[in-house]
S.K.: 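If you scroll down you'll find the structure; I have some questions about it.
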Amino acid sequence: MNSAVVSAVLRWYGSEARDLPWRRPGTTPWQIMISEFMLQQTPVARVLEPWQRWVDRWPVPAALAAEPSGEAVRAWGRLGYPRRALRLHRAAVAIDQDHDGEVPADLAALRALPGVGDYTAAAVAGFGFGQRHLVLDTNVRRVITRIGAGVQYPATSLSAAERALAETFLPRQAPRAARWAAASMELGAVVCTARSPRCDDCPVRSRCAWRAAGYPAWAGPPRLGQTYTGTDRQCRGAVLAVLRERDEPVPSEELATAWPDHDQFERALAGLLADGLISEGPAGYALPI
DNA sequence: CAGTCGTGGGG
DNA sequence: TCCCCAAGACT
């Protein structure tokens, strides 16, 4: 019954999909894995340049694994959530050591890699190896929730019911399922957006339960807004930004000028050390070896 | 389960 | 300006 929806979305995707570099033919699973790490909570527009630099510099997992983790952190630039860079580096090491340098095609093996959760494992298996999996990112969840359940936003946590709903859309054939994953994700990213959906441009507006119900507003608990200014996260970011630009260790007193509140600076420093994002030596702090 | 973890652009 | 939130993972 949802095959009509799937067909329409796939047809739309065929003509309207953005030409993203990691979607081009010949993209390797490793390159796709890099894109998926970078795209975790980071918009496409900001990923394009860093992704190209990464795939040029580290064309295979072994190349990244051979470098200090600090180089991954430095090359991460200002993508945000730099622990992802560390996890991707650790994933490269694991692939190099435990999988003969090849990104595993097995979903469970992917899921076991550092920084790879349910979403990323399914995405790499689907986009990199053409397998059939539920790929439930924020876009797909919003799309199926609106079309299938008539609700504006998906719940905070993924329920069995929502998973079952998603299954009703997933095509039987693996290549088609993988394409559906990409297409439904694209629809959520450019048409069925969170704030101002462009329903007039939607290929399945006539089959959307949310539209049929008159676009009822979200009735669940209010979204917790993310605070940032003045938080430890901002402080950590400021500290790391300094170290990314330096090749030599930075003395503590100098590094402290990156943040006005000293207690918070110390707390951020301890956190960054604990995370392995920075290292401490006799001459000061630096990105890890 | 709820909190934590960066950064920047668009409405 | 301010606020929202963007291809999540981990604890």
Side-chain angles (χ1 to χ4, degrees), chain A residues 13 17-18 20-23 27 31-51 73 76-88 90-91 110-128 133-143 152-159 178 180-190 192-198 218 221-244 258-259 264 267-268 270-272 274-278:
Chain A
Y13 184 68
R18 293 168 293 177
L20 303 179
W22 44 84
R23 285 180 180 161
T27 306
Q31 294 170 334
I32 289 172
M33 179 175 290
I34 294 174
S35 77
E36 293 302 338
F37 269 74
M38 291 184 167
L39 288 164
Q40 292 169 2
Q41 297 286 281
T42 302
V44 165
R46 285 175 45 207
V47 166
L48 294 171
E49 287 190 7
W51 180 83
V73 175
W76 199 251
R78 304 188 65 79
L79 278 177
Y81 293 140
R83 291 189 295 187
R84 290 181 293 168
L86 233 37
R87 291 172 184 151
L88 184 48
R90 285 203 292 140
L110 285 166
R111 182 64 178 78
L113 294 171
V116 178
D118 289 337
Y119 163 74
T120 301
V124 172
F127 305 148
H133 299 292
L134 285 181
V135 183
L136 297 177
D137 79 319
T138 185
N139 289 307
V140 177
R141 293 188 62 204
R142 186 173 55 248
V143 166
Q152 185 176 22
Y153 298 120
T156 304
S157 56
L158 187 60
S159 67
W180 159 251
S184 55
M185 199 174 301
E186 182 78 348
L187 188 67
V190 305
C192 193
T193 58
R195 271 174 292 182
S196 310
R198 300 163 41 201
W218 171 246
R223 315 292 72 184
L224 321 67
Q226 314 169 349
T227 55
Y228 180 62
T229 304
T231 61
D232 288 0
R233 289 159 69 187
Q234 187 183 27
C235 180
R236 288 164 56 107
V239 171
L240 208 56
V242 171
L243 297 184
R244 272 199 309 266
W259 195 257
Q264 193 170 29
R267 193 162 61 243
L272 290 168
D275 289 343
L277 279 166
I278 64 176

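Letters go in sequence order (proteins before strands), and every chain restarts at 1.
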S.K.: Can you give one letter per nucleotide of nucleotides 6-11 of chain B, 5' to 3': B if a protein heavy atom sits under 4.0 Å from the base, S if only from the sugar-phosphate, - if neither?
M.R.: BBSBBS

S.K.: When we call it a touch if two heavy atoms are under 4.0 Å apart, what does A/Val140 touch: a base, just sugar-phosphate, or nothing?
M.R.: nothing

S.K.: Need one value for A/Leu20: base, sugar-phosphate or nothing, where a base atom within 4.0 Å counts as base even if backbone is also close, heavy atoms only.
M.R.: base

S.K.: Has the side chain of A/Arg223 got a donor or acceptor atom that lies under 3.5 Å from a matching backbone atom of A/Pro221?
M.R.: yes

S.K.: Given the P atoms of B/dG8 and C/dA9, what is the spacing between them in whole Å?
M.R.: 23 Å

S.K.: Taking any heavy-atom pair under 4.0 Å as a contact, classify A/Ser35: base, sugar-phosphate, or nothing.
M.R.: nothing

S.K.: Under the 3.5 angstrom rule, does the side chain of A/Arg83 hit a backbone N or O of A/Asp275 as a donor-acceptor pair?
M.R.: no

S.K.: Going by atom types only, do A/Trp22 and A/Gln31 share a side-chain donor-acceptor pair under 3.5 Å?
M.R.: no

S.K.: In whole Å, what separates the C1' atom of C/dC5 from that of B/dC5?
M.R.: 15 Å

S.K.: Are the side chain of A/Trp180 and the backbone of A/Ser184 linked by a donor-acceptor contact shorter than 3.5 Å?
M.R.: no

S.K.: Considering only the P atoms, how many Å lie between C/dA7 and B/dG11, rounded to the nearest integer?
M.R.: 14 Å

S.K.: If you look at every strand shown and take non-hydrogen atoms under 4.0 Å, does A/Thr138 touch a base, only sugar-phosphate, or nothing?
M.R.: sugar-phosphate

S.K.: For A/Arg18 and for A/Pro114, find the nucleotide of DNA chain C with the closest heavy atom, then tell me which residue's nucleotide is more 5'.
M.R.: A/Arg18

S.K.: Can you tell me, in whole Å, how much space there is between the P of C/dC3 and that of B/dG6?
M.R.: 22 Å

S.K.: Picking from A/Thr138, A/Val190, A/Asn139, what satisfies side-chain contact (heavy atoms from CB on, under 4.5 Å) with A/Met185?
M.R.: A/Asn139

S.K.: Is A/Arg141 touching bases, backbone alone, or none of the nucleic acid, heavy atoms closer than 4.0 Å?
M.R.: nothing

S.K.: Under a plain distance cut-off of 3.5 Å, with no hydrogens placed, do A/Tyr81 and A/Arg87 share a side-chain donor-acceptor pair?
M.R.: no

S.K.: Any carboxylate oxygen within less than 4.0 angstrom of a Lys/Arg side-chain nitrogen, looking at A/Arg84 and A/Glu36?
M.R.: no

S.K.: Nucleotide range of DNA chain C contacted by chain A, 5' to 3', under 4.0 Å to a heavy atom?
M.R.: C/dC4 to C/dC10

S.K.: Evaluate the side chain to side chain contact (heavy atoms under 4.5 Å, CB included) criterion for residues A/Gln234 and A/Gln264: first the C-alpha distance (whole Å), next the side-chain angles of each, then the deciding distance (0.1 Å), finally the verdict.
M.R.: CA-CA 10 Å; A/Gln234 187 183 27; A/Gln264 193 170 29; over 6 Å; no

S.K.: Quick one: label A/Asp118 by what it contacts on the DNA or RNA (base, sugar-phosphate, nothing), any heavy atom closer than 4.0 Å.
M.R.: sugar-phosphate

S.K.: Would you say the side-chain atoms of A/Thr120 and A/Gln40 include a donor-acceptor pair closer than 3.5 Å?
M.R.: yes

S.K.: DNA chain C: A/Trp22 or A/Arg111, which has the more 5' nearest nucleotide?
M.R.: A/Trp22

S.K.: With a non-hydrogen cut-off below 4.0 angstrom, is A/Ala123 in contact with a base, only sugar-phosphate, or nothing?
M.R.: nothing

